[in-house]
Amino acid sequence: MQTTIRSAATFTGTGLHSGRPATIVLRPAPAGHGVVFRRTDISLGDTRVPARWDLVDQSPLCTRIVNRAGVSVSTIEHLMAALAGCGVHNALVEIDGPEVPILDGSSAPFVRGILATGVRRLAQPIDVIEILSPVTVETAGGWARLSPSDGLTMTFHIDFADVAIGRQTRRLDLANGAFVRELCDSRTFCRRAEVEAMQANGLALGGIAGENAVVFDGAQVESGAGLRHADEPVRHKMLDALGDLSLAGAPILGHYDGHKAGHAMTNALLRRLFDTPRAWRMRPCDAATAARLPGAGVGIDAVTAVA
């Protein structure tokens, strides 16, 4: 069945790239609503921005969605990953500015807020997107692929010159709350050599090493109390990928392979998928399939079905 959160949850912090204060209020929504952002700082025109793959405006450093009126919300990937990882299909996200707060740089604060309010089932079944044949996108430096699987599984590979990162590979089946246990607390990261360039271009203005981001400089790691996982960077890349895949509009049954992939490439992969009708189908989700989805049973209350 479709789900939503039981009651509102509020998150306040600073935008990673804008450096501006930001507050979001996550509210319950009815079946069929999906995840929709609403800009509360704008009083005229269309202020609602659905979290959908076809509304993504290409950005290499974050995921930004824009509606037809030009209203945008950026850096949505960590919140979207938390919703998908907790099995939440419907929510209204009220936000008082153009960027979701970065909080600690991971999805963990959002996950804690969602689990604190709880997840409730709605009286309407959910459909899933089943991958029928492989779809791939490539760039000069990497590639991403979706291929058939009976659940959502993921393999990710990164390779950085910085010794403290180096080459990292991880594979994960995202069923049974794996996102909450294995990925959600992994923080966004960057290389010290990139920080000044980003800030000179008006990005990463709210980034603080050790507070909301991990900064790598050769063999050095600026992360406050230290890394949360030895392979925290690749785990965070997987977190981002789940958030970006959730913009498909329904849970995906497939295996995602990412090799040096990022936000733009994952969105390009979704666009390639939906441009290839024979590569996928939408079908009802039975109980056995539901048990293999990310967030299955995570935070669900005792109510079996509510309107």
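In this structure, a donor-acceptor pair under 3.5 Å is absent between the side chains of R64 and S74. Using a 3.5 Å distance cut-off with no hydrogens or angles, the side chains of H255 and S147 do not pair a donor with an acceptor.
Here F160 pairs with F189 under the ring-ring contact (aromatic ring centres under 6.0 Å, His included) rule; sequence neighbours left out. For the ring-ring contact (aromatic ring centres under 6.0 Å, His included) test, no residue two or more places apart in sequence or in another chain qualifies with H89. By the side-chain contact (heavy atoms from CB on, under 4.5 Å) test, D150 pairs with R292, sequence neighbours left out. Listed by chain and residue number, nothing satisfies the ring-ring contact (aromatic ring centres under 6.0 Å, His included) test with F156 (two or more places apart in sequence, or in another chain). Residues forming a side-chain contact (heavy atoms from CB on, under 4.5 Å) with T40 (at least two apart in sequence, or on another chain): R38, E94, D96.
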Identify each donor-acceptor pair in which a side-chain atom of residues 76-84 lies under 3.5 Å from a protein atom, sequence neighbours left out, and give them as a table.
residue	atom	partner	partner atom	Å
E77	OE1	T63	N	2.9
H78	NE2	H236	NE2	3.3
H78	NE2	D240	OD1	3.4

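Listed for the R39 side chain is no donor-acceptor partner under 3.5 Å among the backbone atoms of V73. Distance alone, capped at 3.5 Å, is enough to place a donor-acceptor pair between the D46 side chain and the R48 backbone. No side-chain donor-acceptor contact under 3.5 Å links N176 to the backbone of A296.
The number of heavy-atom neighbours closer than 6.0 Å to CZ of R272, taken from other residues, nucleotides and ligands shown, is 12 or below.
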